[in-house]
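Proteins come first, then strands; the chains are lettered A, B, ... in the order of their sequence lines, and each starts at number 1. In this text, all values refer to a predicted model and were calculated from it rather than measured experimentally.
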Amino acid sequence: MPTLLEGLNPQQLAAVTLPAQSALILAGAGSGKTRVLTTRIAWLIANGHVSPSGIFAVTFTNKAAKEMLARLTGMLPAMPRDMWIGTFHGLANRLLRTHHAAAGLPGLFQILDSSDQLSAIKRTMKALNVDTERFDPRKVQAFINQSKENGLRASQTEAWDPYQRKLTEIYAAYDEQCQREGVVDFAELLLRSHELLSRNDSLRQHYQERFRYVLIDEFQDTNRLQYRWLKLFAGPDTTLMAVGDDDQSIYAFRGAHTGNMQEFQRDFSGNHLIRLEQNYRSQGNILDAANALISRNPERLGKELWTDAGHGEPVMVFRAEDDRAEASWLCQQVRRLQDDNHRLSDIAVLYRANAQSRELEHSLFAAGIPYRVYGGLRFFERQEIKHALAYLRLLVNPDDDNSLIRVINFPARGIGARTLEQLTETALAGQVSLWQVCRQQPAGKSAERGVAAFVNLISRLREEALPLNLPECIAHILEHSGLNQFYRNETDGQDRLDNLDELVNAGRLFYQETGMNATSDQQLAEFLALASLEAGHHQANAGEDALQLMTIHAAKGLEFETVFLTGLEEGLFPSEHALSEERGIEEERRLMYVAITRARKRLYLSWAGKRMLHGRERWGIASRFLTEIPEELRSEIRPATQRSMPRATPATTPVTALRAAPTPAAPWRSGMNVKHAKFGTGVILDVAGMGNDLRVQVRFAGEHGTKWLAMAYARLEALA
DNA sequence: CTCATTAGATTTTTT
DNA sequence: ATCTAATGAG
C-alpha cells in the first residue's frame with residue numbers, strides 16, 4: 001500500500017505500521033495525529049490484520065468521529081457499517097440499546113443532557129424536601145456526576161458527615177427517579193455500560209474477542225471512568241493504541257485525568273511510546289515560544305516540537321491602555337492584514353473567557369469587519385427546540401416527567417405552579433408518573449380542565465402523528481401543540497420559527513438515512529438520542545468570509561494563519577480561579593500552549609492595563625505567560641495613535657523604553673505601576689484610608705498575588 | 001396564574 | 001454589563 005503510507009515521516013510510519021502491540025502515541029500539536037490514526041485503521045484492514053468489524057475507535061466529540069469517518073471513506077474501498085467508530089457516549093449508547101434488557105433499561109430509554117439533568121435533580125430535591133439554600137442543586141449535580149465518573153453508586157460513596165449523607169441520599173433518590181422514568185444522564189451511559197460488561201462475563205468476552213484493535217483519540221482528556229470503561233474491551237488478544245498530548249490537556253476542570261497516560265503505559269504499552277514531534281503547522285519562532293513556555297511545567301511526559309519551515313516572524317506583543325484601545329488596535333491590524341489580501345477566515349481572535357468577546361464585537365461591528373463568534377447556544381439547546389423535543393419524547397414515553405413538566409403549561413394552558421405541585425404530590429404518594437396522575441384528573445375546576453385538555457392533546461398527538469413519517473410527524477406536532485402559533489404571535493419569534501423548521505429538516509435527513517417508514521417509536525427514540533448526544537453545530541452559516549472569534553478551549557484542534565490572543569493579564573489569563581487551585585497554573589499554561597500552537601505564521605499577543613469586567617473597572621498587569629516567552633522571540637508593538645508620534649518608526653520597533661520619570665511624592669492612585677523591594681513590580685488596584693492609615697491594594701506579578709499594604713510601613717516605589 | 005421587578009452571580013465545555 | 005432565578009404585586 002505505497003500510496004497509503006506515502007509522505008509519512010519515520011515516527012508516523014512506525015505508529016501506523018506497528019505490529020500487534022499496544023502503544024502510547026505522544027502526538028504534539030500539528031504533528032498529524034488524526035492522519036496517523038485513520039491511516040493505521042486503513043492499513044490494518046488493507047493488510048488483512050483485522051476485519052472492519054474488529055475495529056473499535058473512540059473519540060471525544062462527534063466532530064472528531066465524523067472527521068475520522070470521512071477520512072477513512074477516502075482510504076477504504078467501501079465504508080463498512082460494522083466498524084465501531086464514535087464518541088464514548090455514542091458507543092455506550094449503542095451498547096446499551098443493544099443489550100437494554102441485560103442493562104436493566106427500557107428499550108426506548110431517553111438521554112438527559114446537562115440541563116435536563118439539573119431540572120431532574122431539582123425535582124428529586126423537592127420530593128425529598130431538601131433545603132435548596134443549604135444544598136445548591138448545581139453542587140449536587142457536580143457531586144453526582146463526579147461520583148459516577150469515579151465509578152461509585154450512591155451506596156458506595158463514603159458519607160462521613162450529615163452534609164455528605166444528604167448528598168448521598170439525594171444521589172440515590174435521583175437514580176431511582178431516573179430508573180422509574182426510563183431516562184439516563186451522560187455519566188450513566190458510561191457507568192451503566194461499564195457495569196453491564198463487568199458483570200456479564202460472556203458478553204464481555206464476546207466483545208473482547210470481536211474488537212482486536214482499540215484506538216483512542218485525545219487520550220489526555222479521558223476521565224477515570226472512561227479509562228476503566230475502555231479497559232473492559234481489552235482482552236488478551238486486543239491491541240490498543242492511545243493517542244494524546246499531555247501538554248494539551250485543558251479539561252482537568254471537568255474530570256480529565258492526565259494520569260491515565262502514565263497508567264496506560266503501565267497497563268499496556270510498556271516501552272512502546274512513540275513521539276510525534278515534527279510539526280507541520282507553525283513557523284519556528286512560534287514553535288520555540290510554545291516549547292519554552294511549556295517547558296516550565298513539571299511532570300510532563302516530555303516532548304519538543306520542531307519544524308523545517310523557517311523561523312518566520314517574531315511573536316508580536318502589544319500593550320493597550322484599556323480594553324477599548326486593545327479592541328481598536330485589533331481592528332486596525334485586521335484591516336491592515338485585509339489590505340494585504342489575507343482572508344478574514346484565516347484569522348482567529350482568541351480569548352480566555354466568553355465575556356471578553358463583547359468589547360471586541362463592539363469595535364469590530366463599528367469598524368465594519370465581518371466576524372463570527374463560535375460558542376454560545378447550540379441548536380438542540382435552544383428553548384424552542386427543547387420544547388419541541390419534549391413533546392416528541394412524550395409520544396415515545398409519556399412517563400418522562402421532565403418532558404411533561406416542560407410542556408404541560410407551554411404554551412400556557414392555565415396550569416400553574418400550584419396545580420403542578422398538587423399533581424406532583426399525588427404522583428409521589430402513589431409512586432406513579434405525573435402522566436398517570438394527569439390521566440385520572442376529573443374535568444371539574446378550571447385548572448383540572450386544563451389538565452384534561454393536555455391529556456387529550458397528547459393522546460391525540462400520539463394517534464395522529466405517529467402514523468406519519470418522521471419529518472411530517474414533527475411538523476404535525478409543532479402545529480398542533482400550539483408551539484408554532486405561540487412563536488408566530490411573539491414579536492421576535494421568527495428566528496425561533498426558523499429553528500423549528502430546521503428541526504423538521506433534521507428529521508427529514510434522519511428519515512432518509514435510516515429507512516423511510518412510518519415513524520415508529522423506535523425511530524423516534526433513536527432520533528431523540530441523536531439530538532441529546534449531538535448538540536448540533538454551533539453556527540453553520542458559512543458563506544461570508546469572516547473573522548473567527550472563540551475561546552481558546554473552542555480553538556483546540558483548529559489552526560489559523562494568523563492568531564490574535566487577547567487579554568493577557570494576570571487574573572484573566574491565568575484566571576483568578578486558577579491561582580487558588582492546585583495545579584491551576586499548570587493547566588492555564590497548557591491552555592496558553594494550545595493558544596500559541598494554533599498559529600501558522602503570525603501570532604499577536606495583547607493585553608490591557610485597564611479593563612471593564614463585571615461592570616467594574618479593573619487594573620491589570622501583564623500576564624506571566626508573556627515573559628515566559630523568551631525575549632528574543634518577542635517584539636513589542638508601539639501604539640501608533642498616541643500623541644501624534646512620528647509615524648516613521650516601523651511597526652516592529654523593539655521594546656518601548658520605559659521613561660523612568662522620577663514621580664513626585666506619590667499621590668497613590670489606581671492603575672499606577674509600582675515596585676516593592678520584596679514583591680517586585682505590580683499595579684495598584686485600590687486605595688483606602690489616609691494619612692498614617694493609608695493603605696493600597698497591589699496586584700503583584702509572579703507568585704505574590706494581590707496584597708493590601710500599609711503605606712506607613714511598606715516602601716513602595718512608583719514607576720512611570 | 002401571570003407579569004414585573006430585584007437580588008445575585010459571572011472560566012473554560014462535551015457528551 | 002448582563003444573565004438567571006427567585007420573589008412579590010396585580
Side-chain angles (χ1 to χ4, degrees), chain A residues 58-65 86-93 111-119 122 132-133 136-138 145 148-149 184-191 218 221-223 225-226 249-256 323 350-359 361-362 374-378 380-381 383 409-421 445-447 450 529-538 550-557 567 571-581 584 587-588 590-592 594-595 611-618:
Chain A
V58 197
T59 65
F60 260 85
T61 63
N62 290 298
K63 201 175 147 202
T87 63
F88 279 98
H89 299 268
L91 295 174
N93 179 45
I111 300 167
L112 301 182
D113 69 19
S114 315
S115 63
D116 295 334
Q117 185 191 31
L118 186 61
S119 37
K122 283 181 183 164
T132 43
E133 293 288 293
D136 177 359
R138 300 169 66 161
N145 288 336
K148 289 190 180 187
E149 277 164 18
V184 297
D185 58 52
F186 287 137
E188 184 72 25
L189 283 171
L190 288 165
L191 184 52
E218 305 277 17
D221 287 339
T222 46
N223 63 35
L225 177 58
Q226 283 160 341
S249 159
I250 54 175
Y251 286 111
F253 71 92
R254 65 170 196 219
D323 45 350
L350 308 183
Y351 34 81
R352 175 68 242 262
N354 280 310
Q356 288 168 252
S357 77
R358 190 170 302 278
E359 188 67 47
E361 285 184 73
H362 266 297
Y374 289 80
L377 260 198
R378 319 256 277 319
F380 288 110
E381 285 167 356
Q383 66 146 341
N409 199 33
F410 193 95
R413 301 190 174 85
I415 305 170
R418 195 70 255 276
T419 312
L420 194 55
E421 211 168 284
K445 283 182 291 189
S446 68
L530 186 88
S532 298
L533 289 172
E534 194 170 336
H537 5 278
H538 278 282
M550 66 191 86
T551 63
I552 303 168
H553 283 92
K556 184 162 167 234
L572 228 202
F573 189 21
S575 79
E576 206 102 50
H577 283 273
L579 298 174
S580 53
E581 256 162 58
E587 173 133 327
E588 296 286 302
R590 289 193 294 269
L591 196 53
M592 181 73 183
V594 168
R611 176 182 302 276
M612 284 296 258
L613 207 62
H614 311 319
R616 309 202 147 267
E617 208 169 51
R618 306 229 319 189

Short side-chain N/O contact to [N] OP1/OP2 from [X], under 4.0 Å:
| X | N | value |
| --- | --- | --- |
| A:Asn354 | B:dT12 | yes |
| A:Arg358 | C:dA1 | no |
| A:Asn409 | B:dT2 | yes |
| A:Thr419 | B:dC1 | yes |
| A:Asn223 | B:dT15 | no |
| A:Arg378 | B:dT13 | no |
| A:Asn62 | B:dT15 | yes |

Under 4.0 Å, heavy atoms only, any strand: does [X] hit a base, just the sugar-phosphate, or nothing?
| X | result |
| --- | --- |
| A:Asp113 | nothing |
| A:Tyr251 | sugar-phosphate |
| A:Glu218 | nothing |
| A:Phe253 | base |
| A:Ser114 | base |
| A:Thr551 | sugar-phosphate |
| A:Ala412 | sugar-phosphate |

For a quick test of reading the model, state the closest non-hydrogen atom pair linking [X] to [Y] and the distance between them.
| X | Y | answer |
| --- | --- | --- |
| A:Ala64 | A:Thr59 | CB-CB, 3.9 Å |
| A:Pro137 | A:Lys122 | CB-CG, 3.9 Å |
| A:Asp116 | A:Ile111 | OD2-O, 4.2 Å |

Calculate the interatomic distance between [X] atom [atom1] and [N] atom [atom2]; express it in whole Å.
| X | N | atom1 | atom2 | answer |
| --- | --- | --- | --- | --- |
| A:Leu420 | B:dC1 | CG | P | 9 Å |
| A:Gln356 | B:dT12 | CD | P | 9 Å |
| A:Tyr351 | B:dT12 | OH | C1' | 12 Å |
| A:Arg616 | C:dA1 | CZ | C1' | 12 Å |
| A:Met550 | B:dT14 | CE | C1' | 17 Å |
| A:His614 | C:dT2 | NE2 | P | 14 Å |
| A:Arg138 | B:dT13 | CZ | P | 14 Å |

Quick one: does A:Val58's side chain get under 4.5 Å of A:Gln226's, heavy atoms only?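 A side-chain contact under 4.5 Å is absent here.
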With heavy-atom distances below 4.5 Å as the criterion, would you say the side chains of A:Phe88 and A:Thr222 are in contact?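 Heavy-atom side-chain distance check passes, below 4.5 Å.
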Given B:dT11, B:dT15, B:dT14, which nucleotide is nearest the side-chain atoms of A:Ala353?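 Ranking B:dT11, B:dT15, B:dT14 by closest atom to the A:Ala353 side chain puts B:dT11 first.
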Check the geometry between A:His89 and B:dT14 and answer yes if their rings are stacked (centres below 5.5 Å, planes below 30°), otherwise no.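 Ring-base stacking flag not set for A:His89 and B:dT14.
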Before accepting this row, confirm whether a basic side-chain N of the pair A:Lys556/A:Glu218 lies closer than 4.0 Å to the acidic partner's carboxylate O.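 Here A:Lys556 pairs with A:Glu218 in a salt bridge, since their nearest N and O are under 4.0 Å apart.
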